[in-house]
Amino acid sequence: MDIGEYMALCLGHPEYGYYMTRDPFGAGGDFTTAPEISQLFGEMIGVWAADMWIKMGSPPSFVLLECGPGRGTLMADILRATGHVPGFHEAAEICLLEMSPTLRNAQVRQLGRYAVTHIDDISQVKAGVPVILVANEFLDALPIRQIEHKNGKWWERKIGLSDTGGLEVGISDAENLILETVPAAILREKNDGIFETSPYLNQFLKFVDNLLIKQSGAALFADYGHVRSAMGETLQAVRAHKFESVFENPGENDVTAHVDFENIARIAKGDGVVCHGPVTQRSFLRELGIEVRAERLLRDAEMSQSDSIRIGLERLIDTKHMGSLFKVICLCSDPQLTPEGFNESL
Ligand code: SAH
């Protein structure tokens, strides 16, 4: 099978898939994400979303969509931060795209005070109203495929069983269909090595772009990844905060790949959607006022909380931590809309 099929099974197999039966987040789990590190992250995304809604003319009804909400922490922080924005909560229909039954339960528990709708697929978003979409560390979980240039030819990496019953990587001819998803410059340069491409992610983004065009609105994606499309292998597996082999213990570790932000921009351009960024997470959060908010929290905090506020802030924006590896990108249907947070040029 191709690497994408394998990755989809590792994460989403109904019985054995990594996300399907567990809550992997937090210090005692396998990995930690920005909303789990500090409430400041979700609060800034809330400020961004409320500002966007006001710039869109405060529509009386809109879908507030989160893709891959994990424990529901980001959405809870967004809703708390926007509680005082007149009309925002009344207008928002909260919709969560989530494949894991376990995490859906966690989200319902976390968001108990609010009415939420779960969907399995982006095509199920309510029609006819504007959409504000947010997603943190969602795109990195979408299955990628790997093509490889060697001996003057493009191949695709595939996974099969070895003679001893383990998993083994082999290659087969790369089909035209997969080569069509690779940027022309990469194909032209013909450098030896691996290139990661994701027909699944491309299709998802095309759907988002068309949704924004049809219903108007904006989408914000935060994730780790690179600003330019480039050769290289980034597929990784993490368990208990440590890297593992992607091909051992399938379903027991979090398999992800770095996001190619240039690819997101390229698809947006083709679809006629305006793309802002990518910018670093550091720059985005600072422009939205994360330091001012942290100062405010510190003023009221007890000694014991102050350290965790400071450490949380540092982990989110310091370049040694998530500040520069993580990027934020925004897609907008309307060229007149200028989202906050995108002044950095990378
Ligand atoms: N946004 C959260 C969780 C990130 S982990 C946070 O920042 O903490 C990835 C999330 O996406 C999980 O909730 C996982 O179950 C969900 N997910 C992954 N692939 C998905 C898919 N193909 N369809 C729907 N949800 C998916």
Side-chain angles (χ1 to χ4, degrees), residues 1-37 67-71 98-103 106 135-148 155-162 164-172 178 193-202 204 221-226 229-261 263 281 315 321-322 324-327:
M1 65 177 83
D2 67 55
I3 305 271
E5 288 173 277
Y6 175 72
M7 192 172 162
L9 286 172
C10 286
L11 297 179
H13 183 281
E15 200 176 334
Y16 302 112
Y18 176 73
Y19 284 116
M20 302 309 269
T21 52
R22 79 187 81 212
D23 173 344
F25 306 100
D30 289 325
F31 63 100
T32 307
T33 57
E36 300 298 334
I37 287 173
C67 300
R71 282 180 174 167
E98 175 57 67
M99 68 176 178
S100 158
T102 307
L103 292 174
N136 183 59
E137 289 207 42
F138 171 72
L139 297 178
D140 64 48
L142 299 186
I144 55 112
R145 287 167 67 172
Q146 293 183 327
I147 60 161
E148 184 170 2
W155 310 84
E156 177 161 7
R157 297 183 96 205
K158 298 270 171 93
I159 298 177
L161 280 180
S162 69
T164 52
L167 292 173
E168 184 173 66
V169 178
I171 49 171
S172 65
I178 191 75
I194 291 171
F195 183 77
E196 293 176 340
T197 177
S198 175
Y200 190 89
L201 177 142
N202 293 356
F204 171 82
F221 295 100
D223 226 308
Y224 48 96
H226 35 275
S229 300
M231 300 290 286
E233 183 178 16
T234 71
L235 189 68
Q236 64 181 41
V238 169
R239 177 156 57 161
H241 302 269
K242 290 198 180 70
F243 289 107
E244 283 193 347
S245 159
V246 171
F247 304 112
E248 275 163 34
N249 309 315
E252 295 295 321
N253 46 34
D254 185 37
V255 182
T256 59
H258 284 209
V259 172
D260 174 354
F261 282 90
N263 178 51
Q281 177 168 300
R315 287 181 67 187
H321 299 282
M322 301 176 97
S324 59
L325 175 61
F326 280 72
K327 317 277 185 318

Asks: If you take all heavy atoms of D23 and T102, which pair is closest and at what distance?
Replies: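 The answer is N-CG2, 4.5 Å.
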
Asks: Rounded to the nearest 0.5 Å, what separation is found between the CE atom of M20 and the CG atom of L11?
Replies: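 CG of L11 is found 10.0 Å from CE of M20.
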
Asks: For a quick test of reading the model, state the closest non-hydrogen atom pair linking S172 to K158 and the distance between them.
Replies: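 Smallest heavy-atom distance, with atoms named: OG-NZ, 3.3 Å.
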
Asks: What closest approach, in Å, do M7 and L142 show between heavy atoms, and which atom pair accounts for it?
Replies: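 Smallest heavy-atom distance, with atoms named: CE-O, 3.5 Å.
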
Asks: Given side chains that start at C-beta, do those of M322 and I37 come closer than 4.5 Å, heavy atoms only?
Replies: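 They are in side-chain contact.
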
Asks: Once you round to the nearest 0.5 Å, how far does OG1 of T197 lie from CZ of R145?
Replies: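 Going from OG1 on T197 over to CZ on R145, the span is 8.5 Å.
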
Asks: List the steps and the verdict of side chain to side chain contact (heavy atoms under 4.5 Å, CB included) for L139 and F261.
Replies: CA-CA 10 Å; L139 297 178; F261 282 90; 5.7 Å; no

Asks: Roughly how far, to the nearest 0.5 Å, is CD1 of I159 from CD of E5?
Replies: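 E5 atom CD to I159 atom CD1 measures 9.5 Å (nearest 0.5 Å).
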
Asks: Can a donor-acceptor pair be found between the side chains of S229 and N263 at a distance below 3.5 Å?
Replies: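 No, no side-chain donor-acceptor contact under 3.5 Å.
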
Asks: Which residue pairs pass the salt bridge (Lys or Arg N to Asp or Glu O under 4.0 Å) test when at least one of the two sits in residues 24-33, sequence neighbours left out?
Replies: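 Non-adjacent pairs meeting salt bridge (Lys or Arg N to Asp or Glu O under 4.0 Å): zero.
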
Asks: Quick one, E196 and L235 - any side-chain contact, counting heavy atoms below 4.5 Å?
Replies: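 Counting from C-beta outward, E196 and L235 do come under 4.5 Å.
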
Asks: Please find the pair of heavy atoms, one from H226 and one from T234, that lie closest to each other, and give the distance.
Replies: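 Looking at all heavy atoms of both residues, the shortest contact is CE1-CG2, 4.3 Å.
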
Asks: I'd like to check N253 versus V246 (side-chain heavy atoms, cut-off strictly below 4.5 Å). Are they in contact?
Replies: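 Side chain of N253 against side chain of V246, heavy atoms only: no contact under 4.5 Å found.
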
Asks: For the CD atom of E137 and the CG atom of D223, what is their distance to the nearest 0.5 Å?
Replies: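 That separation rounds to 5.5 Å.
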
Asks: Applying side chain to side chain contact (heavy atoms under 4.5 Å, CB included) to L161 and L167, what does each step give before you reach the verdict?
Replies: CA-CA 5 Å; L161 280 180; L167 292 173; 4.2 Å; yes

Asks: So, for P24 and Y18, which heavy atoms are closest and what is the spacing to 0.1 Å?
Replies: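 Where P24 meets Y18 most closely, the heavy atoms are CB-OH, 2.9 Å.
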
Asks: Is the shortest side-chain heavy-atom distance between V259 and K327 below 4.5 Å?
Replies: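 Result no, sub-4.5 Å side-chain heavy-atom pair not found.
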
Asks: Just by distance, no angles: are the side chains of T256 and Y224 close enough, under 3.5 Å, to form a donor-acceptor pair?
Replies: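 Present: a donor and an acceptor within the cut-off.
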
Asks: From T32 OG1 over to H241 NE2, what is the distance, rounded to the nearest 0.5 angstrom?
Replies: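 It is 4.5 Å, given to the nearest 0.5 Å.
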
Asks: Quick check: does any side chain N or O of S100 sit under 3.5 Å from a backbone N or O of Y19, one acting as donor and the other as acceptor?
Replies: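 Checking the backbone N and O of Y19 against the side chain of S100, a donor-acceptor pair under 3.5 Å is found.
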
Asks: Within a strict 4.5 Å, meaning less than it, do heavy atoms of the L9 and Y16 side chains meet?
Replies: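 Heavy-atom side-chain distance check fails, nothing below 4.5 Å.
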
Asks: Mind checking what makes side-chain contact (heavy atoms from CB on, under 4.5 Å) contact with S198, not counting sequence neighbours?
Replies: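 Testing S198 for side-chain contact (heavy atoms from CB on, under 4.5 Å), a comparison that skips the adjacent residues, returns I144, Y200, L201.
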
Asks: Side-chain contact, heavy-atom cut-off 4.5 Å: L103 with P69?
Replies: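 Of all side-chain heavy-atom pairs linking P69 with L103, none is under 4.5 Å.
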
Asks: For residues F326 and T33, determine if any side-chain heavy atom of one lies less than 4.5 Å from a side-chain heavy atom of the other.
Replies: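 F326 does not reach T33 side chain to side chain.
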
Asks: Please confirm whether Y6 and F247 have ring centers closer than 6.0 angstrom.
Replies: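 Between Y6 and F247, the centre distance is under 6.0 Å.
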
Asks: Measure the CZ-CG distance between R239 and D254 for me, rounded to the nearest 0.5 Å.
Replies: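 CG of D254 is found 11.5 Å from CZ of R239.
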
Asks: Of the non-hydrogen atoms in G12 and M99, which two are nearest, and what is the gap between them?
Replies: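 Distance-wise, the nearest heavy atoms are CA-CE, 3.8 Å.
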
